[in-house]
Amino acid sequence: MLDADLLSGPAEQVAPLLLGAVLRHGEVAVELTEVEAYAGPRDPASHAFRGPTPRNEVMFGPPGHLYLYFSYGMHWAANVVCGPDGTAGGCLLRAGEVVDGVEVARERRHGAPDRDLARGPGRLTQALGLSQEHRGLDLFAAGPVRLEPVVDAHALEVATGPRVGVSQAADVPWRFWVAGSRYVSAYKRSPRAAP
DNA sequence: CACTAGATGCTCT
DNA sequence: GAGCATCTAGTGA
């Protein structure tokens, strides 16, 4: 059963458990197909590696809350906070399939093909209508944004590989996705990553 | 289909 | 001022 207690483990152990879970905001719901683990102080690619700042402080709080950050001047990206309260960690929600509220999601994504509605971190938050006002929300409390348990866990085969776009720890295989899913973003290595 | 270039603005040093 | 946990539109095949 997926709950805040389960999320208090290390990010790289929690990440695959999120696959198949559903993130819901109002009438739009996305079934997660791809996530990445960021292990705070143990992980040079994590926003929390150098300690707490105003941006990343949510990641140092209790697990099961929503860490949002603004990226590349145009996009929001969403993380589920992992690890025990006081230790930073999180799982970036990289992609999913819109399973409810498709019409609303299409409108927000300005007519993109259904496959691309939530394929990519910025697209996923746009389809769900998430932004700074949802910062820090508890995903397991009564509230506008909720994380619902996996429906059919035993049917999932998980694949792993390096994380997209990170220049540090570029070969650590902490990206997890549903093997064979069409709703998974493309891998791209950072041009700044070490060869 | 594959690949590339440029937009764009917040965050931290 | 440098560096991004990205996306889209453009080109060329």
Side-chain angles (χ1 to χ4, degrees), chain A residues 7 10-16 18-19 23 30 32-61 63 65-83 87-98 105-136 139 159-177 182-195:
Chain A
L7 301 188
E12 68 273 27
Q13 282 179 30
V14 169
L18 294 174
L19 297 175
L23 187 66
V30 168
L32 302 176
T33 58
E34 181 186 5
V35 300
E36 284 175 357
Y38 287 89
R42 294 182 291 124
D43 180 7
S46 171
H47 287 165
F49 183 62
R50 294 166 200 283
T53 67
R55 174 173 68 160
N56 67 23
E57 63 180 0
V58 172
M59 266 203 286
F60 289 81
H65 288 238
L66 192 60
Y67 166 52
L68 286 159
Y69 68 92
F70 193 65
S71 176
Y72 287 92
M74 352 177 80
H75 312 284
W76 289 92
N79 293 242
V80 176
V81 174
C82 314
T87 302
C91 293
L92 170 66
L93 309 181
R94 280 204 58 88
E97 173 183 0
V98 176
R106 282 194 194 117
E107 206 163 305
R108 290 190 180 132
R109 293 275 303 116
H110 202 253
D114 284 2
R115 188 189 176 209
D116 293 342
L117 289 180
R119 189 170 60 126
R123 295 163 170 178
L124 184 145
T125 57
Q126 195 183 2
L128 280 167
L130 298 177
S131 61
Q132 67 239 355
E133 61 189 296
H134 308 288
R135 180 189 153 87
L139 299 173
T160 67
R163 295 170 289 182
V164 174
V166 297
S167 59
Q168 302 297 310
D171 299 304
V172 175
W174 282 355
R175 176 176 178 238
F176 302 83
W177 66 91
R182 296 163 51 248
Y183 300 90
V184 168
S185 62
Y187 176 65
K188 188 169 185 180
R189 189 181 177 87
S190 167
R192 290 170 290 277

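Below, chain A is the first sequence line, B the second, and so on; all start at residue 1. In what follows, every heavy atom counts, from backbone to side chain, and hydrogens, waters and symmetry copies are set aside.
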Which residues pass the side chain to side chain donor-acceptor pair (under 3.5 Å) test with A/E12, sequence neighbours left out?
A/R42
Can you run down the side-chain hydrogen bond (donor to acceptor under 3.5 Å, both in side chains) pairs that involve residues 67-77 of chain A, sequence neighbours left out, and say none if there aren't any?
A/H47-A/Y67
Write out all pairs satisfying salt bridge (Lys or Arg N to Asp or Glu O under 4.0 Å) with one or both partners inside residues 70-82 of chain A, taking only residues at least two apart or from two chains.
none
Residues at least two apart in sequence or cross-chain that pass side chain to side chain donor-acceptor pair (under 3.5 Å) with A/R115, listed by chain then number, are none
Per-residue pairing states of DNA chain C in dot-bracket (Watson-Crick or G-U under 3.5 Å; . unpaired, | other strand) read ||||.|||||||.
Between residues 35-45 of chain A and DNA chain C, which residues have a heavy-atom gap below 4.0 Å?
A/Y38, A/A45
Who passes side chain to side chain donor-acceptor pair (under 3.5 Å) against A/R123, sequence neighbours left out?
none
Inter- and intrachain pairs under side-chain hydrogen bond (donor to acceptor under 3.5 Å, both in side chains), touching residues 125-134 of chain A, at least two apart
A/R109-A/Q126
Do any pairs count as a side-chain hydrogen bond (donor to acceptor under 3.5 Å, both in side chains) and have a residue in residues 183-195 of chain A, sequence neighbours left out, and if so which ones?
A/E34-A/S185, A/R94-A/S185, A/D171-A/R189
Salt bridge (Lys or Arg N to Asp or Glu O under 4.0 Å): pairs with one or both residues in residues 159-168 of chain A, sequence neighbours excluded
A/D43-A/R163
Between residues 66-79 of chain A and DNA chain B, which residues have a heavy-atom gap below 4.0 Å?
A/F70, A/Y72, A/G73, A/M74
Check side chain to side chain donor-acceptor pair (under 3.5 Å) between A/R50 and all other residues, then give those that pass, not counting sequence neighbours.
none
